[in-house]
Participant: 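Structure provided below as structure tokens; questions to follow.
Order of the sequence lines sets the chain letters (A, B, ...), proteins ahead of strands, with each chain counted from 1.
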There are 2 protein chains.
Amino acid sequence: MARKQSALDPQRLDNQICFAVYSAAHAFNRVYKPLLDQLGLTYPQYLVMLVLWERDDVPLKDIGEKLFLDSGTLTPLLKRLEAAHLVKRTRSSEDERQVLIALTSQGHALKEKARAVPQSILAASDCSVSELVAMKDEIVALRDRLNAVIGE
Amino acid sequence: MARKQSALDPQRLDNQICFAVYSAAHAFNRVYKPLLDQLGLTYPQYLVMLVLWERDDVPLKDIGEKLFLDSGTLTPLLKRLEAAHLVKRTRSSEDERQVLIALTSQGHALKEKARAVPQSILAASDCSVSELVAMKDEIVALRDRLNAVIGE
DNA sequence: TCACATTTAATTGTTCGCAATTGAATAGGC
DNA sequence: GCCTATTCAATTGCGAACAATTAAATGTGA
């Protein structure tokens, strides 16, 4: 039974959860794009803004830990957000190694304009909130198990 | 009840399924990295090889449709695979617009070396196969709904 | 046949994402 | 205090990812 075998073949593209996650991430990105264009943000920039809207004046390192990104990604990204007058970067006076990221008034104001984004995404998902929450929790749990393996 | 409110706030990072998917994709990538380094492949290159191991001598366009990638991504990627002697790119004689991608003998041979990869990923997932299959199917269904919205 | 639209890859420019390195600031042991 | 290790951000280089454009081949309708 060739069909049954291919349905179990772990080397088949369609059987790989990783490709499912990878392609879903790209699909989300394409849905977000037109929404975020109106805000003048890319998706990773939007993630940084979400972090800052929750807590302002945060070290770069903390943003990196929340988003699983390092300074090689964040430094140029934050410079672009600064060039767009959404954040300010200042060295901490207590610890000169740290760079603190603070919202500007424009950065604060953008939160209101961004309020409609999650609703649009929910609509595009065509799925109940409870289903999405359940999926999200499963995916987060899987991600955390994977990250635990890396940390070894 | 501040806690309950934040647990429902759709503008909070932790409540966004998209971030769950995005960060899980990166976590997978980090688990794959050391495995694929041994094969001399990046993850997107590995995906292309998976497609070719299923069916050889495929137009670039077909690879793009399977992986949801366009020529802007695939053309340079395939040139790198060609430089690594894993594939050959030739113009179709029936339709000169198309570029056909064929495995070299080295490209074929790599399939055997790659056989251990899915098992390592499964182990890192620390999860039963049936659970992973169920999650995969849910994520694929979500992805397809998102892609349907984009196509409108 | 000829004009026009469509399809397909390639190219250009911008932004991520990360490994590896560098350099400055801080912490800890002596 | 002094030497060393650690921490943190920035930098460099490479490989995606994608929008927008270009160019060539093919298809289609008058």
Participant: In whole angstroms, how far is the P atom of dA5(C) from the CZ atom of R97(B)?
Facilitator: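 Rounding to the nearest Å, CZ of R97(B) and P of dA5(C) are 16 Å apart.
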Participant: Would you mind telling me which of dA17(D), dC18(C), dT8(C) lies closest to the side-chain atoms of L69(A)?
Facilitator: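 For the L69(A) side chain, the nearest candidate turns out to be dC18(C).
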Participant: Would you say the rings of Y46(A) and Y32(A) are close, in the sense that their centroids are separated by under 6.0 Å?
Facilitator: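 Yes, the ring of Y32(A) comes within the 6.0 Å limit of the ring of Y46(A), centre to centre.
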Participant: Out of dT15(C), dC8(D), dA16(D), which nucleotide sits closest to the side chain of L77(B)?
Facilitator: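 Selected nucleotide (nearest to the side chain): dA16(D).
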Participant: Consider the side chain of R80(A), meaning its heavy atoms from C-beta on, and name the nucleotide among dT15(C), dC8(D), dA9(C) that approaches it most closely.
Facilitator: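 Of all the options, the side chain of R80(A) is nearest to dT15(C).
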Participant: If you assign Y43(B) and D95(B) each to the DNA chain D nucleotide with the nearest heavy atom, which residue ends up on the more 5' nucleotide?
Facilitator: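 On the 5' side of the pair lies Y43(B).
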Participant: Using a heavy-atom cut-off of 4.0 Å across all strands, would you classify L74(B) as base, sugar-phosphate, or nothing?
Facilitator: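 It contacts nothing in the nucleic acid.
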Participant: Can you tell me how far C1' of dA17(D) sits from CD1 of I63(B), to the nearest Å?
Facilitator: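 Taking atom C1' of dA17(D) as the reference, CD1 of I63(B) is at 16 Å.
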Participant: Rounded to the nearest Å, what distance is computed from the CD atom of residue E94(A) to the P atom of nucleotide dC8(D)?
Facilitator: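 To the nearest whole Å, that distance equals 14 Å.
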Participant: Are V51(B) and F68(B) grouped together when hydrophobic residues (ILVMFWY) are joined by side-chain heavy atoms under 4.5 angstrom apart?
Facilitator: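 Linked within one cluster.
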Participant: Any chance the rings of Y43(B) and F28(B) have centres within less than 6.0 Å?
Facilitator: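 No.
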Participant: Let me know the distance between CZ of R30(A) and C1' of dA17(D), rounded to the nearest Å.
Facilitator: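 My rounded result for the distance is 9 Å.
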Participant: Choose from dA9(C), dT26(D), dA10(D) the nucleotide whose nearest atom is closest to any side-chain atom of E96(B).
Facilitator: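 Per side-chain heavy atoms of E96(B), the pick is dT26(D).
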Participant: Within the pair Y22(A) and dA17(D), is there a side-chain N or O less than 4.0 Å away from OP1 or OP2?
Facilitator: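 So the side chain of Y22(A) is within the cut-off, an N or O lying under 4.0 Å from OP1 or OP2 of dA17(D).
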Participant: Of the nucleotides dA9(C), dA16(D), dG17(C), which one has an atom closest to the side chain of P44(A)?
Facilitator: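 Of the candidates, dG17(C) comes closest.
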Participant: How is T42(A) classified with respect to the nucleic acid when contacts are heavy atoms under 4.0 Å: base, sugar-phosphate, or nothing?
Facilitator: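 Answer is sugar-phosphate: T42(A) comes under 4.0 Å of backbone atoms only.
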Participant: Among L77(B), V87(B), I101(B), find the residue that satisfies the side chain to side chain contact (heavy atoms under 4.5 Å, CB included) test when tested with E82(B).
Facilitator: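 Exactly one option meets the side chain to side chain contact (heavy atoms under 4.5 Å, CB included) with E82(B), and it is V87(B).
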Participant: Starting from P on dA10(D), measure out to NZ on K61(A) and report it in whole angstrom.
Facilitator: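 Rounded to whole Å, this separation is 14 Å.
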Participant: Taking only Lys NZ, Arg NE, NH1 and NH2, and the carboxylate oxygens of Asp or Glu, determine whether D62(A) and K66(A) approach each other closer than 4.0 Å.
Facilitator: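 Salt bridge absent between D62(A) and K66(A).
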Participant: When you match T73(A) and S92(A) each to their closest nucleotide on DNA chain C, which lands nearer the 5' end?
Facilitator: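 The residue whose closest nucleotide sits nearer the 5' end is T73(A).
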Participant: Should T75(A) be listed as having a side-chain N or O under 4.0 Å from OP1 or OP2 of dA10(D)?
Facilitator: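 For dA10(D), OP1/OP2 do have a side-chain N/O of T75(A) under 4.0 Å.
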Participant: Output the rounded distance in Å from CG (L60(B)) to P (dA9(C)).
Facilitator: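 So the two atoms are 5 Å apart, to the nearest Å.
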Participant: Is the backbone of K79(A) close enough, under 3.5 Å, to the side chain of R89(A) for a donor and an acceptor to pair up by distance?
Facilitator: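 Side chain of R89(A) to backbone of K79(A): no pair is present.
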Participant: Give a yes/no on whether any side-chain N or O of K79(B) is located under 4.0 angstrom from OP1 or OP2 of dT11(C).
Facilitator: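 So the side-chain polar atoms of K79(B) do come within 4.0 Å of the phosphate oxygens OP1 or OP2 of dT11(C), strictly under.
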Participant: According to a strict under-4.0 Å criterion, is R91(A) in side-chain N/O contact with OP1 or OP2 of dA9(D)?
Facilitator: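 No, no such contact exists.
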Participant: In terms of side-chain heavy atoms of D70(B), which of dA19(D), dA9(D), dT8(C) is nearest?
Facilitator: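 Taking heavy atoms from C-beta onward, the closest nucleotide is dA19(D).
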Participant: Starting at OH of Y32(A) and ending at C1' of dC18(D), how long is that distance when rounded to a whole Å?
Facilitator: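 These atoms are roughly 18 Å apart.
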Participant: Kindly say if Q45(A) contacts the phosphate of dC16(C), meaning a side-chain N or O under 4.0 Å from OP1 or OP2.
Facilitator: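 Q45(A) to dC16(C) OP1/OP2: side-chain N or O found under 4.0 Å.
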Participant: Rounded to the nearest Å, what distance is computed from the NE2 atom of residue H26(A) to the P atom of nucleotide dG17(C)?
Facilitator: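 One finds 10 Å between P of dG17(C) and NE2 of H26(A), rounded.
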